[in-house]
2 protein chains.
Amino acid sequence: MTESPRAKPGARSEFDDFLRKARLKKTRTRELIFNEIFSRSTIHPDAAAVHKRLRSKGHGVSLATVYRTLKLMVRSGLVSPLDLGEGHSHYEPGTNRPGHGHFICLVCGRVCEFENKELRALLDRVGEAEGFELKKHSLQVFGTCRECRKKKKE
Amino acid sequence: MTESPRAKPGARSEFDDFLRKARLKKTRTRELIFNEIFSRSTIHPDAAAVHKRLRSKGHGVSLATVYRTLKLMVRSGLVSPLDLGEGHSHYEPGTNRPGHGHFICLVCGRVCEFENKELRALLDRVGEAEGFELKKHSLQVFGTCRECRKKKKE
DNA sequence: ATGGGTGCAAAGCATTTGCAGTACA
DNA sequence: TGTACTGCAAATGCTTTGCACCCAT
């Protein structure tokens with residue numbers, strides 16, 4: 001069981017903690033899937049992409065196990081599902097990232113994250129006004145990215 | 001072909017306009033589905049709910065047509081799909097409602113809309129900073145509603 | 001050893017589609 | 001009348017599950 005090369009400091013031990021608390025086993029397969037999500041936080045893969053990537057690296061992991069493990073990681077609070085408007089889930093590392101959202105380019109499909117402190121404060125304020133206790137949120141902004149706007153003008 | 005009792009003023013003619021422009025036919029079935037979405041904007045039904053509701057009213061509409069029509073209405077820009085975290089789409093009237101979002105109670109499942117001008121301005125600002133041309137957005141806030149918080153404390 | 005973990009194939013849902021018949025323009 | 005629209009059932013695509021075997025503890 002090797003350490004992830006680019007894992008966030010702390011994230012790995014969170015996974016370990018979760019596994020220990022839930023009396024779940026630490027397996028090679030789970031580590032591989034975990035690393036696939038955490039090593040490149042800008043990718044936002046779906047289950048099929050994780051599966052394909054692992055296969056192409058020579059790891060014989062089944063799609064069923066990818067789904068099982070992703071579900072596990074979502075329940076553990078380490079990973080969040082992400083709706084890019086494609087009708088199925090993508091995944092990204094982390095949960096409870098206040099003020100965090102995504103730009104999704106409708107032309108090229110690129111996804112770009114952003115983080116904004118005002119947004120967090122704003123949502124807290126709106127929630128409080130409604131008597132609503134905010135746990136997490138999901139914000140997607142669809143439009144055209146800088147590059148695609150440039151191309152369109154040419 | 002009767003008028004919708006509670007349709008937004010203007011919304012109906014938008015639908016008519018869309019149908020005319022796209023050379024689509026105005027049918028009883030499309031009108032029924034349209035009204036089901038627009039008559040109760042707080043309901044956010046999924047396709048199955050629209051279908052069930054129409055059936056219970058004695059209208060023999062097929063689920064396939066409900067899906068086809070909802071897709072049509074989404075493309076027309078009259079209706080927006082809504083991800084309530086259930087793994088399938090719900091629908092609400094309207095598109096391009098800047099500063100619009102949803103609270104979703106994780107305990108009772110109730111959905112509550114909100115509208116906030118600051119949010120709109122904030123997203124525009126963040127988009128501009130990225131060179132991103134904002135078309136629409138989707139914001140869901142998950143947590144516990146006032147009533148469920150009260151019950152929990154008791 | 002013993003119970004959880006995994007692969008495989010089959011099942012389960014939401015959604016889409018082919019086709020033949022129906023209804024709007 | 002002609003073509004779009006609809007219902008039905010089959011097909012599709014993503015995700016879950018049952019079961020037999022495997023492996024971490």
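If you're wondering where the values come from, they're calculated on a predicted model, not measured in any experiment. Letters A, B, ... mirror the listed sequences (proteins, then strands); counts begin at 1.
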What class does the angle between the rings of B:F34 and B:F38 fall in, given that below 30° is parallel, 30 to 60° is tilted and above 60° is perpendicular?
parallel
Between P on C:dA14 and CG on B:D83, what's the gap in Å once rounded to a whole number?
14 Å
Counting just side-chain N and O atoms, does A:Y67 come under 4.0 Å of either OP1 or OP2 of D:dT15?
yes
Between the side chains of A:H102 and A:E113, does any donor sit under 3.5 Å from an acceptor?
no
To the nearest angstrom, the CG-P distance between A:L19 and C:dG3 comes to 20 Å
Grab the CG-P distance between B:D16 and C:dA25 for me, whole Å please.
10 Å
Could you tell me the separation between the CG atom of A:L70 and the C1' atom of C:dT6, rounded to a whole number of Å?
15 Å
Between C:dT15 (P) and B:H88 (NE2): distance, integer Å:
6 Å
Rounded to the nearest Å, what distance is computed from the CG atom of residue B:D46 to the P atom of nucleotide C:dT15?
7 Å
Less than 4.0 Å between a side-chain N and a carboxylate O, is that true for B:E118 and B:R125?
no
Atom NE2 of A:H44 and atom OG of A:S80: how far apart are they, to the nearest 0.5 Å?
10.0 Å
Tell me the interatomic distance from A:L32, atom CG, to C:dG7, atom P, rounded to whole angstroms.
10 Å
May I ask you to decide whether B:E36 forms a salt bridge with B:K52, counting only side-chain N to carboxylate O separations under 4.0 Å?
no
Is any N or O donor-acceptor pair between the side chain of B:K71 and the base of C:dT15 shorter than 3.5 Å?
no
Check for a donor-acceptor pair, side chain of A:R110 on one end and backbone N or O of A:L106 on the other, with a separation under 3.5 Å.
no
Atom-to-atom span, CG of A:L24 to C1' of C:dG4 - whole angstrom
8 Å
Per-nucleotide protein contact along nucleotides 6-11 of chain D, 5' to 3', at a 4.0 Å heavy-atom cut-off (B base, S sugar-phosphate only, - neither), is BBBB--
